[in-house]
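To start, the structure itself, in structure tokens.
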Amino acid sequence: MTQKIKRKKRDTSAIHNQIIDGAINIFTKYGFDAASMDNISEEAGVSKRTVYNHFASKDDLFKAIVLDFLKQRDAIKQIEYNTLTSVGEQLR
């Protein structure tokens, strides 16, 4: 009888974030069309294979960035402007 060894799943969130940050830099610098997975992997300091292990395509990577921006935007506290209160008071 063979015994299965349970392997602990590695936390790859730091690498994932590193790829996202690198992609944001490359998309900002070159634009989507001129950006390549080679540029992104180099900027992120990981192999191109690692980028593809996290994201199936450049489109998927870009979508992940947009979704992350939307989550950040939604997490920001919305401040409604009230014309009856001073701006200073509202910011406090």
Side-chain angles (χ1 to χ4, degrees):
M1 179 179 229
T2 59
Q3 186 179 18
K4 281 192 170 184
I5 299 172
K6 289 187 179 182
R7 293 185 183 191
K8 187 177 176 183
K9 191 171 181 176
R10 291 187 305 155
D11 181 10
T12 59
S13 60
I15 292 171
H16 185 88
N17 292 334
Q18 199 173 318
I19 294 167
I20 293 281
D21 291 342
I24 290 169
N25 291 341
I26 294 299
F27 288 140
T28 302
K29 186 174 184 178
Y30 298 111
F32 179 82
D33 289 332
S36 71
M37 294 299 249
D38 285 322
N39 299 125
I40 292 166
S41 66
E42 187 176 322
E43 181 75 16
V46 299
S47 70
K48 188 161 69 167
R49 180 178 182 155
T50 299
V51 174
Y52 278 111
N53 284 340
H54 286 261
F55 303 96
S57 67
K58 183 170 74 166
D59 287 341
D60 287 347
L61 177 51
F62 189 79
K63 287 175 191 174
I65 291 168
V66 171
L67 289 174
D68 188 49
F69 281 143
L70 292 174
K71 284 182 199 173
Q72 289 178 38
R73 182 205 63 196
D74 291 344
I76 295 172
K77 181 180 177 184
Q78 296 297 318
I79 301 172
E80 293 187 31
Y81 180 68
N82 181 343
T83 58
L84 302 175
T85 308
S86 73
V87 173
E89 183 62 34
Q90 290 182 63
L91 290 174
R92 277 191 284 279

**Request:** Might you point out which heavy atoms bring Asp33 and Lys58 nearest each other, and give the distance in Å?
**Result:**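 Here Asp33 and Lys58 meet closest at O-NZ, 3.5 Å.
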
**Item:** Taking every non-hydrogen atom, the tightest pair across Ile19 and Val51
**Value:**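 Closest heavy-atom pair between Ile19 and Val51: CD1-CA, 3.9 Å.
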
Output the distance between atom [atom1] ([X]) and atom [atom2] ([Y]), rounded to the nearest 0.5 Å.
X     : Y     : atom1 : atom2 : value
His16 : Asp21 : NE2   : CG    : 10.0 Å
Arg49 : Asn53 : CZ    : CG    : 6.0 Å
His54 : Ile15 : NE2   : CD1   : 5.5 Å
Ile65 : Phe32 : CD1   : CZ    : 9.5 Å
Tyr52 : Ser57 : OH    : OG    : 7.5 Å

Any residue meeting side-chain hydrogen bond (donor to acceptor under 3.5 Å, both in side chains) with [X], in chain and number order, not counting sequence neighbours:
X     : result
Ser41 : none
Asn25 : Glu43
Asp60 : none

**Message:** Checking Ile40 against Phe55 for the side-chain contact (heavy atoms from CB on, under 4.5 Å) test, could you report, in this order, the C-alpha distance in whole Å, the side-chain angles of both residues, the deciding distance, and whether it holds?
**Reply:** CA-CA 12 Å; Ile40 292 166; Phe55 303 96; over 6 Å; no

**Request:** Report yes or no: do Phe69 and Ile76 belong to one cluster of Ile/Leu/Val/Met/Phe/Trp/Tyr joined by side chain heavy-atom distances under 4.5 Å?
**Result:**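 As far as the 4.5 Å side-chain criterion goes, Ile76 and Phe69 are not connected within one cluster.
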
**Asn39 side chain vs Ser36 backbone, donor-acceptor pair below 3.5 Å** =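 Yes; at least one donor-acceptor contact below 3.5 Å.
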
**Message:** Once you measure the plane-to-plane angle for Phe62 and Phe27, does it fall in the parallel (<30°), tilted (30-60°) or perpendicular (>60°) bin?
**Reply:**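 The rings of Phe62 and Phe27 stand perpendicular, inter-plane angle above 60°.
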
**Request:** Please step through side-chain contact (heavy atoms from CB on, under 4.5 Å) for the pair Leu61 and Met37, ending with a clear verdict.
**Result:** CA-CA 10 Å; Leu61 177 51; Met37 294 299 249; 4.3 Å; yes

**Request:** Might you work through the side-chain contact (heavy atoms from CB on, under 4.5 Å) test for Asp68 and Gln72, ending with a clear yes or no?
**Result:** CA-CA 6 Å; Asp68 188 49; Gln72 289 178 38; 2.9 Å; yes

